[in-house]
Every structure is written in C-alpha cells, then in structure tokens.
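Step one of this worksheet: look at the structure below.
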There are 2 protein chains.
Amino acid sequence: MSNLKLLAQSLGLSITTVSRALDGYADVAPATRERVQAAARAMNYRPNPAARSLRRRKAEAVAVTLPTEPGRFGPPIFLNMLAACGQRLAEEGLDLMLLPTAGRAGEMDTYRRVLDGRRADAVIVVRTRLEDERVAFLTERGIPFVTHGRTARPDEHAFIDGDGEAGFGDAARALAALGHRRIAHIAAPQDLTFAHLRRQGWLAALADMGSPDRLEYTAPPTEAGGYEAAQWLLRQSAPPTALLCATDSMAIGALSALKERGLAAGREIAVIGHDNLPSAAFTDPPLSSMEIAAPDVGRQLAEMLLARLGGREARELQTILPVRQVPRATHGPAN
Amino acid sequence: MSNLKLLAQSLGLSITTVSRALDGYADVAPATRERVQAAARAMNYRPNPAARSLRRRKAEAVAVTLPTEPGRFGPPIFLNMLAACGQRLAEEGLDLMLLPTAGRAGEMDTYRRVLDGRRADAVIVVRTRLEDERVAFLTERGIPFVTHGRTARPDEHAFIDGDGEAGFGDAARALAALGHRRIAHIAAPQDLTFAHLRRQGWLAALADMGSPDRLEYTAPPTEAGGYEAAQWLLRQSAPPTALLCATDSMAIGALSALKERGLAAGREIAVIGHDNLPSAAFTDPPLSSMEIAAPDVGRQLAEMLLARLGGREARELQTILPVRQVPRATHGPAN
DNA sequence: TTGACTTTCCAAAACGTTTTGGAAATCTAG
DNA sequence: CTAGATTTCCAAAACGTTTTGGAAAGTCAA
C-alpha cells in the first residue's frame with residue numbers, strides 16, 4: 001500500500017534517507033532515524049519484496065523440491081522438519097518455497113527453472129542419494145545449499161544427518177547381546193543414502209559377531225514394502241529371529257506379516273524400526289524404534305543454511321546427530 | 001543471466017518487441033516472433049521474476065500457512081495434497097510458498113506480513129475452523145483464496161471438502177444394520193470444521209435409529225488422543241460396541257487401548273476411522289476406514305484457486321467430494 | 001493518387017527499492 | 001578565522017520487466 005516515496009513525502013525527507021534510516025545505516029541522525037521508524041510503523045509500511053529483490057539481486061527465498069512419488073509421501077516427521085526450518089528462515093525474512101516435482105527428470109528441470117530464474121538464493125536438498133545429480137548441479141553453479149542426509153562424498157558439501165550407521169550397529173549388537181544370531185535386515189533402496197548407511201551399520205555389527213548369514217531383502221520404504229520383505233524372509237529355510245527395519249513404516253508392515261503367520265513379535269521374533277513415528281507407540285505390541293537425539297533438526301538445518309548464505313565454508317557445516325534407541329515391546333531375548 | 005536487453009541487442013530489435021513477442025501479442029509479425037522465440041531458447045532466457053512481478057504488481061505466488069503445533073503435524077496425506085496442488089500451480093508459473101507459523105496468533109501475523117508485503121496473490125487455507133479469522137481477514141481484504149474444508153458459512157467462499165458428514169452417517173448406519181446399538185464417537189476438537197461435520201453425521205445416524213445414548217469423547221486428533229478416548233469410553237458403565245473415530249490416527253490409538261483391555265477389534269468391538277492412511281491396511285486387524293473418493297484433491301484445489309484468480313465467483317467454486325467406505329477387518333456384526 | 005486503415009515496430013515511462021557519489025552544514029583544530 | 005574533517009542528507013542511476021502512446025511503413029478502396 002504505502003511505499004518509500006509516500007513515507008518520504010509525509011516526513012519531508014528524501015527517499016534515500018528514509019531507506020537508509022530503515023536499514024540502520026550510520027549516516028542518518030539518530031533523531032531522524034527514530035522519526036522515520038515511527039512513521040513507518042504508523043503507516044504500516046512494508047518494503048515491496050519484488051522491488052527489493054530486483055535491486056538487491058537476491059530472491060530472499062529458499063527452495064526445496066519434493067519428489068512426489070505417486071500415492072505416497074515421506075513420514076509426517078518430514079513436514080514437521082520443513083515447518084521448523086521455514087519458521088527459522090522466516091525470522092530472517094526468507095520465504096520457503098515448496099517445489100513439488102514429478103519424478104527425477106522433472107526435478108532437474110525444476111532446479112534449472114528456479115535457479116536460472118533466480119527465484120531462490122539457496123536450496124535444501126531432501127531424500128539425498130549417494131550419487132545425487134542435484135548436489136552436482138548445485139555445486140557446479142555455486143548455489144548455497146544444505147542436504148538433509150549425506151551423499152557418497154559428504155566432505156564436499158554442507159549437510160545435516162542422523163548417525164543411522166551407528167544407530168543400526170547399536171541395535172544389531174543389542175539384539176546379538178540378547179542371544180539373536182540370525183538378524184535380518186529389511187532394507188530400503190540403496191541409492192538413498194540413509195538406507196545405505198543403515199545397512200552399513202547392520203553389516204558392521206554382523207562382522208563384529210563373526211558374520212553369520214547375511215539375511216536381507218530390499219523393498220520400497222513403505223508398510224507394503226516391509227510386509228513383502230518380512231514375508232520373503234520368513235519363507236527362507238533358516239528364517240531370522242530378528243528383523244532390523246530401515247524405517248518404522250516398513251516395521252509396521254513387517255509386524256502385519258508376522259501376525260499373519262501367527263508369530264508373536266517381541267517373544268518369538270524381534271522387530272526394530274527407525275524414526276519413532278507417533279504411531280510406533282501404538283502398534284501391537286508397541287514398536288521398538290530409534291530416533292535422532294535432537295529436538296529440532298529443521299531449525300538446525302535452517303541455521304546451517306543461513307551460515308552458508310553468510311559465507312561460511314561448507315566443510316565447517318557438517319552435522320551428524322546421534323541416534324538414540326527407543327526400546328519398546330517388539331524385541332527381547334532370543335529363544 | 002541473460003535479459004531482455006541482451007536478447008534485443010543480439011536480434012537487432014527493441015526490448016519492447018522482444019517482450020511482446022515472447023508474451024504472444026498480436027502486434028508482432030509471425031516471422032519475428034519465431035526468430036525471437038528461437039533466440040530466447042538458444043540463450044536460455046528466463047524472465048526475472050522480481051522485475052516481472054514488480055511491474056505487473058503481482059507476486060506470482062500462492063501462500064499456505066502451516067500452523068505448526070509442537071511435536072506433531074497432520075497426516076502424510078496432507079503433504080501429498082500440497083505437492084499435487086503445487087505441481088498444478090507450477091504449470092501456471094505460480095510458486096507455492098510454505099509459511100509455517102507458531103500457533104494461531106502467529107498465523108495472523110504471518111498473513112498480515114505476507115499480504116501487506118504482496119508476497120502472494122492468493123492463499124490456501126488449511127485446517128479450516130468453523131469460525132475462522134483467516135477467512136474473515138482474507139474476505140475483508142479481497143484476496144482470492146480457497147479453503148481446504150468448510151467454515152460455518154461455507155456459501156461465502158470457495159472451498160473443497162470431503163463429505164465427512166455423509167461418510168460418518170453411512171458408517172454409523174452400516175454399524176446399526178450390523179446390530180450395533182451403542183455406537184460411540186471419538187471426536188476431534190469441534191472448532192475444526194471437519195471434526196464438527198463428522199460428528200454431525202454420526203448424530204444424524206443416531207437420530208435415525210431412535211437416538212439411544214450419545215456416547216462420545218473429544219480428544220486431540222492423534223494416536224494418543226484416540227487411546228485416551230477409547231480408555232474413557234470403555235470405563236463407562238454401559239460401554240459401546242462400536243467406535244467411530246474422527247481420524248485413522250485416533251482409530252490406531254483406540255485399537256491399542258482395546259488390545260490392552262483384551263478386547264478383539266472386529267469381533268468383540270467395532271472400530272472405524274477416516275483418511276485411509278497407508279498404515280491403515282497394516283494394523284492388527286486391518287483398520288476399516290473411509291476416504292475421499294477422488295484421486296487428486298490437491299490438483300482440484302489448485303484448479304479452483306486458478307479459477308478464482310481468473311475472476312470466477314467464489315460461489316461457483318464450492319466442491320464437496322463424496323466419501324467412500326473402505327471396509328476392512330475392524331468391524332463386523334454386533335454380538 | 002490520396003486518404004484512411006493495418007501492420008509492425010519502438011522510445012520512454014513506469015513499478016519500488018538500493019546504492020553511488022557527492023553536497024551542504026556543522027564541528028574541530030590550529 | 002579558516003582549512004579540513006565529520007555529520008547528515010539527497011539526486012539520480014540502477015535493477016529487468018511491462019505497458020502506453022505513438023510512428024513509420026505497407027495496404028486498400030475509391
């Protein structure tokens with residue numbers, strides 16, 4: 001509604017001075033500054049973001065693309081994280097742009113469209129893959145970005161991630177300590193970094209215990225995927241006594257398969273997931289899980305992105321958060 | 001990178017003509033238009049969105065605020081819907097801005113900030129309440145918007161909604177037909193329109209069957225809420241034989257409470273939810289639910305918003321989608 | 001052949017900021 | 001009292017579009 005010109009006129013000052021007063025430059029007298037600020041408040045002045053970003057050559061926005069696989073999207077946790085992140089960014093006057101894309105090809109198109117058109121100053125990469133062309137693209141262009149999850153060469157970019165490798169190692173060793181010898185892994189597709197690392201943790205623990213059979217099955221990270229995986233594993237000639245699942249969603253599917261076979265999770269076979277979904281506490285029996293031991297991953301992500309925008313080096317911005325076990329009733333001593 | 005001036009120079013044309021050629025005006029010769037378009041493609045030209053929206057006095061963006069209640073956010077379905085919506089909007093060159101807010105007060109602040117600053121041309125309102133100050137604010141300002149869910153005065157604005165009232169009426173009557181007489185409702189907070197309507201549907205069915213006791217309990221729309229509600233209902237002197245739950249999340253919590261009491265869902269007590277979450281098919285027993293009988297609510301929402309931006313009247317843009325029952329194993333004949 | 005239309009193009013003025021490069025006015029030191 | 005330094009302000013030039021209000025050339029009818 002009101003702009004700098006109007007404000008300046010009503011104050012008998014130049015546009016320049018009003019602009020600089022509001023931006024807190026030193027070359028405007030304290031008295032004038034206060035006068036200007038009061039007037040701005042009174043007239044409910046807000047700088048026009050289009051004009052500002054045209055002149056400043058900045059979009060004042062951060063983009064995140066959502067690869068929208070038909071039917072299903074990530075855990076509710078995920079939206080939560082974005083919300084926390086966006087809230088912190090808003091405090092700095094940055095908007096969070098959601099860019100849904102259809103499939104991977106569409107995702108790169110969106111990147112080009114958004115970055116060629118300078119619609120965003122920085123990017124958040126989610127569902128990071130081991131070999132991620134998005135990371136390559138952004139690095140090449142020199143656009144500040146932070147990934148949620150690592151890549152195969154994590155030292156080259158800023159990221160925040162949970163230590164899924166340690167988490168799965170701990171869980172597998174805990175199962176071994178309870179007497180389990182046939183600990184199977186229900187894996188998510190291995191191009192996704194989180195899935196790869198969780199499997200690595202499981203493998204490391206198997207190696208520690210003298211590497212018995214490596215029972216595993218890879219499926220989509222959904223309840224249906226977990227169900228299918230559990231069915232397959234239980235059909236084997238020497239079925240596992242424990243199922244270490246890449247995600248809680250998969251674990252929930254696995255529980256359903258166990259029930260169908262008349263196996264009592266917790267007593268006859270162990271199940272452990274990851275994410276500690278709200279519903280994990282309400283499965284039957286309540287699902288043993290693990291989770292990132294930090295309350296505000298989204299906020300930390302925002303903080304890192306801001307640091308990156310402020311010129312901090314990517315190598316200084318690499319956070320691996322510890323994973324904490326959340327034991328419930330789906331695992332116990334082996335029979 | 002490249003702008004109109006550069007393009008014009010390389011073509012030996014004026015900026016005006018290039019601009020008009022790209023926008024498809026009639027006053028540029030077909031031959032020139034093609035020449036311009038080819039050059040634009042070759043130079044990978046993209047109009048600077050800041051400059052464009054400064055001049056056009058439009059933001060070319062749609063905002064959606066996410067009231068982020070600590071800890072928990074809506075069902076995964078929700079992100080899916082936003083993704084589908086954003087995808088359609090992107091086809092029209094509109095960005096989808098996610099504005100997370102802390103609590104209701106913060107939400108109105110965000111509205112003012114975004115709309116005073118002309119950061120968005122239109123708004124999507126989610127988690128709509130019966131008396132919704134956001135709707136009042138937007139109406140007063142004359143900003144185009146579509147709500148996801150109705151308000152108490154739905155004829156005054158554009159909305160898209162499922163017919164939860166019919167869905168819950170149908171479900172309750174189906175339960176009655178199976179011999180159930182004590183059909184309880186696990187309600188979500190009644191200021192949320194969807195919760196109110198679902199309860200109304202249940203009430204109407206009760207009235208049809210001669211209105212026996214009205215057993216109900218209101219709780220937050222989470223697993224924990226459903227758990228708490230089921231516990232309370234089962235403690236009553238004449239406990240229900242069926243639980244009609246406002247959401248699947250609540251139903252999952254309720255299932256957990258039943259299990260704890262040794263009640264077999266489906267055989268000894270019926271449970272029905274709403275949303276048909278991916279995990280609903282994998283509870284034990286698989287959860288009877290219902291869902292909106294349309295594949296692409298998000299896309300339809302986008303379409304309505306576009307129509308509204310195109311000048312269509314709000315009263316012509318009011319969609320109520322049918323709700324389809326998804327019977328599974330948590331309900332059956334009353335004993 | 002001429003006047004009126006059409007077609008095709010363009011110069012210049014916005015849009016609302018930020019920033020550059022001074023210019024007055026005031027102060028300070030000698 | 002004066003030269004220089006400091007403080008406080010401002011005019012004007014960007015930023016990259018869109019749009020207005022023609023102008024020049026070409027076409028058509030009489």
Side-chain angles (χ1 to χ4, degrees), chain A residues 1-37 39-40 43-61 93-95 113-121, chain B residues 1-37 39-40 43-61 93-95 113-121:
Chain A
M1 208 78 294
S2 72
N3 53 20
L4 278 187
K5 200 207 274 203
L6 254 47
L7 247 184
Q9 277 171 358
S10 85
L11 283 163
L13 287 170
S14 77
I15 291 182
T16 309
T17 303
V18 175
S19 170
R20 314 209 91 202
L22 292 174
D23 275 7
Y25 278 71
D27 73 348
V28 24
T32 347
R33 190 202 316 290
E34 293 196 6
R35 210 156 59 89
V36 171
Q37 280 166 346
M43 297 184 63
N44 192 28
Y45 167 77
R46 320 237 181 209
N48 179 313
R52 173 192 290 242
S53 72
L54 173 58
R55 177 60 230 228
R56 284 205 179 147
R57 324 185 107 239
K58 290 204 188 134
E60 322 265 2
L94 294 172
D95 291 330
R113 187 172 62 79
V114 166
L115 299 173
D116 284 346
R118 284 192 212 69
R119 295 170 102 82
D121 304 322
Chain B
M1 206 81 291
S2 74
N3 54 18
L4 278 187
K5 200 204 278 200
L6 252 48
L7 248 184
Q9 277 171 359
S10 85
L11 283 163
L13 287 170
S14 77
I15 292 182
T16 309
T17 303
V18 175
S19 171
R20 314 208 92 203
L22 292 174
D23 276 8
Y25 278 71
D27 72 348
V28 25
T32 346
R33 190 203 315 290
E34 293 198 6
R35 212 157 57 88
V36 170
Q37 280 167 348
M43 298 184 62
N44 192 27
Y45 167 76
R46 321 237 181 207
N48 178 314
R52 173 192 291 241
S53 72
L54 173 59
R55 178 59 232 227
R56 284 206 180 146
R57 322 187 107 239
K58 288 200 191 137
E60 322 266 6
L94 293 171
D95 291 329
R113 188 171 62 80
V114 167
L115 300 173
D116 285 345
R118 282 192 214 68
R119 296 170 102 83
D121 304 321

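Protein chains get the first letters and strands the later ones, always in sequence-line order, with residue 1 at the start of each. Predicted, not measured: the structure shown is a model, and the values here were computed from it.
- In this structure, CG on Asn48(B) lies 7.0 Å from OG on Ser53(A), to the nearest 0.5 angstrom.
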**OP:** Step by step, work out the side chain to side chain contact (heavy atoms under 4.5 Å, CB included) result for Arg35(A) and Thr32(A).
**Re:** CA-CA 5 Å; Arg35(A) 210 156 59 89; Thr32(A) 347; 4.0 Å; yes

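- An OP1 or OP2 oxygen of dA11(D) is reached within less than 4.0 angstrom by no side-chain nitrogen or oxygen of Ser14(A).
- Distances from the side chain of Arg52(B) to the nucleotides dG16(C), dT17(C), dT18(D) place dT18(D) closest.
- For Asn48(A), no side-chain nitrogen or oxygen approaches OP1 or OP2 of dG16(C) to under 4.0 Å.
- Remark: Arg118(B) CZ to Lys58(B) NZ distance equals 13.5 Å, nearest 0.5 Å.
- Atoms CG and CG, on Asp95(A) and Asp95(B) in that order, are 10.0 Å from each other to the nearest 0.5 Å.
- Nucleic acid contact class of Leu13(B) (heavy atoms, under 4.0 Å, all strands): sugar-phosphate only.
- A heavy-atom distance below 4.5 Å is found between the side chains of Leu4(B) and Leu22(B).
- Non-hydrogen atoms lying under 4.0 Å from DNA chain C are contributed by nothing in residues 28-36 of chain A.
- Taking for each of Lys5(A) and Asp27(B) the nucleotide of DNA chain C with the nearest heavy atom, the 5'-most of the two is the partner of Asp27(B).
- Gln9(A) places its CD atom 12 Å from the P atom of dG16(C), with the value rounded to the nearest Å.
- Taking CD1 of Ile15(B) as the reference point, atom CG of Leu7(B) lies at 10.0 Å (rounded to 0.5 Å).
- One atom, CG of Leu54(B), and another, P of dA13(C), lie 17 Å apart when rounded to the nearest Å.
- Screening residues 4-13 of chain B for side chain to side chain donor-acceptor pair (under 3.5 Å), with sequence neighbours left out, gives no hits.
- Counting only distance, with no hydrogens or angles, the side chain of Arg46(B) and the backbone of Leu115(A) share no donor-acceptor pair below 3.5 Å.
- Atom CG in Leu4(A) sits roughly 9 Å away from atom C1' in dT18(C) (whole-Å rounding).
- Atom NZ in Lys58(A) sits roughly 18 Å away from atom P in dT17(C) (whole-Å rounding).
- One can place CG of Asp116(A) at 16 Å from C1' of dG16(D), the figure rounded to the nearest angstrom.
- Rounded to an integer number of Å, the gap from Arg20(B) CZ to dT7(C) P is 15 Å.
- For Tyr45(B) and dT17(D), the shortest distance from a side-chain N or O to OP1 or OP2 is below 4.0 Å.
- If you take CG of Asp23(A) and P of dT8(D), they are 18 Å apart, rounded to a whole angstrom.
- For dC15(D), neither phosphate oxygen OP1 nor OP2 lies less than 4.0 angstrom from any side-chain nitrogen or oxygen of Arg56(A).
- OP1 or OP2 of dT19(D) sits under 4.0 Å from a side-chain N or O of Tyr25(B).
- Regarding contacts with the backbone of dG16(C), every side-chain N or O of Arg55(A) stays at 4.0 angstrom or more from both OP1 and OP2.
- Remark: C1' of dT18(D) and CG of Asn3(B) are 14 Å apart, rounded to the nearest angstrom.
- Projected onto DNA chain D by closest heavy-atom contact, Thr16(A) and Arg57(A) fall at different nucleotides, the more 5' of which corresponds to Thr16(A).
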